[in-house]
2 protein chains.
Amino acid sequence: MTTPSPLSALTTRNTRLFTLLLERELKKTGLRIGQLPVLQALQDGKTLNQKALADFADIEQPGMTTLLVRMERDGLIQREPDPTDRRSTLVTLTSDGQRKSRNIVPVMEHLTDIALKGFTPLERNILVTLLERINSSLKEQL
Amino acid sequence: MTTPSPLSALTTRNTRLFTLLLERELKKTGLRIGQLPVLQALQDGKTLNQKALADFADIEQPGMTTLLVRMERDGLIQREPDPTDRRSTLVTLTSDGQRKSRNIVPVMEHLTDIALKGFTPLERNILVTLLERINSSLKEQL
DNA sequence: ATAGAATACATAACATGTTATGTATATGGA
DNA sequence: TCCATATACATAACATGTTATGTATTCTAT
């Protein structure tokens with residue numbers, strides 16, 4: 001899309017392209033982008049309930065519920081009742097989830113290297129700083 | 001989400017926040033984000049077929065079809081057969097679509113001002129340049 | 001101790017996108 | 001001319017997210 005705002009057009013295009021390439025890379029490992037925050041949050045055998053996962057992934061609770069249903073169906077995670085709180089469901093990675101999650105970091109690093117090709121360390125820092133300032137300003141408006 | 005890549009985490013977060021605020025602003029005018037490219041492409045009485053709109057919005061054809069079905073249902077656009085090509089459907093804005101589309105640019109400018117609060121012109125230029133370089137690098141990988 | 005608020009989860013309806021596939025029409029080359 | 005191919009659109013199945021709402025459980029303040 002060509003928007004009236006060069007800035008948001010650029011960051012949106014940026015995110016879209018990165019997401020596209022990431023999705024393509026992840027397909028090789030049988031993962032989907034939406035699953036990444038869950039896999040990351042549960043690395044190293046960690047256990048979290050669904051609310052904590054929704055908070056971590058920055059999505060609403062119903063979205064996390066349906067995501068986890070699909071991930072359980074696909075054998076990536078396990079869900080079991082929290083013995084200390086009967087409202088709560090504890091989520092852990094299966095061994096297959098653990099194994100597949102180990103592919104994520106190398107893929108992200110590879111794509112980041114591609115995105116920042118030719119950037120000096122100074123340019124990387126400037127970019128990060130500017131983006132952080134924008135995020136700050138936007139967050140204030142929430 | 002906190003990803004292993006500070007860069008993509010930042011741009012993704014950036015896009016997400018901007019989208020959130022934009023969606024909130026647009027709600028006041030009865031529009032949705034997905035509709036923006038269509039409204040923009042058809043401004044000033046322009047007529048395009050569905051394929052051209054999909055290309056402009058950078059989404060696949062079936063996605064555009066369902067979007068246009070909803071927009072027609074909501075009275076934003078009109079669809080009629082192309083007399084010169086019976087495969088093709090010509091899309092135009094209704095007067096309500098025209099009217100609502102005029103709110104878009106001010107909203108985008110307002111949000112961009114918020115996002116870039118405190119930026120000097122130089123900083124704006126640097127940011128745009130760096131993002132364009134990233135977009136270039138990513139596009140090469142497609 | 002208990003009533004009311006808060007919390008965790010599920011479900012439904014929907015928006016927005018994807019890929020895969022089918023149908024109808026148009027077009028270009030033998 | 002006519003066949004193969006390309007093009008425009010629709011439909012289906014699905015992923016991923018939203019808001020609104022319901023249910024069950026827990027917590028808190030009286």
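Every chain is numbered from 1 and lettered A, B, ... according to where its sequence line falls, protein lines coming before strand lines.
- Looking at residues 59-75 of chain B, you'll see B/Q61, B/P62, B/T65 sit with a heavy atom under 4.0 Å from some atom of DNA chain D.
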Name the atoms and distances for all side-chain donor-acceptor pairs under 3.5 Å in residues 73-80 of chain A, with sequence neighbours left out.
{"unit_1": "A/R79", "atom_1": "NE", "unit_2": "A/E72", "atom_2": "OE1", "d": "3.2"}
{"unit_1": "A/R79", "atom_1": "NH1", "unit_2": "A/Q50", "atom_2": "OE1", "d": "2.8"}
{"unit_1": "A/R79", "atom_1": "NH2", "unit_2": "A/E72", "atom_2": "OE1", "d": "3.3"}

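- Here A/T84 pairs with A/D82 under the side-chain hydrogen bond (donor to acceptor under 3.5 Å, both in side chains) rule; sequence neighbours left out.
- Shown for residues 77-86 of chain A: residues whose heavy atoms fall under 4.0 angstrom of DNA chain C, namely A/R79.
- The distance from atom CD of A/E109 to atom OG1 of A/T112, rounded to the nearest 0.5 Å, is 7.5 Å.
- Between the side chains of B/E23 and B/T19, no donor N or O sits under 3.5 Å from an acceptor N or O.
- Toward the 5' end of DNA chain D, the nearer of the two residues A/R87 and B/N49, judged by each one's closest nucleotide, is B/N49.
- Shown here are the side-chain hydrogen bond (donor to acceptor under 3.5 Å, both in side chains) partners of A/R99, two or more places apart in sequence or in another chain: A/D96.
- Put simply, NZ on A/K51 is 14 Å from P on C/dA10, counting in whole angstrom units.
- Rounded to an integer number of Å, the gap from CD of B/Q50 to C1' of C/dA24 is 14 Å.
- Between the NZ atom in B/K27 and the CG atom in B/L22 there is a gap of 11.5 Å [rounded to 0.5 Å].
- One distance of note links OG1 of B/T94 with CE of B/M71; it measures 8.5 Å at 0.5 Å rounding.
- Shortest non-hydrogen contact noted between A/F56 and A/P37 is CE2-O, 3.2 Å.
- Taking every heavy atom of residues 22-30 of chain A and every atom of DNA chain C, no pair lies under 4.0 Å.
- Atoms CG (B/L21) and C1' (D/dT18) sit 16 Å apart, rounded to a whole Å.
- Checking the phosphate oxygens (OP1, OP2) of C/dC9, a side-chain nitrogen or oxygen of A/S88 falls inside 4.0 Å.
- One interatomic measurement links the two molecules: CD of A/Q35 to P of D/dA15, which rounds to 9 Å at whole-angstrom precision.
- Side chains of A/E132 and A/S136: no donor on one and acceptor on the other come within 3.5 Å.
- Under a 3.5 Å cut-off, the side chain of A/D113 and the backbone N or O of A/H110 do not form any donor-acceptor pair.
- Protein atom CG of B/L53 is 12 Å distant from nucleotide atom P of D/dA8, rounded to whole Å.
- The distance from the CZ atom of A/R133 to the CG atom of A/L138 is 12.5 Å, given to the nearest 0.5 Å.
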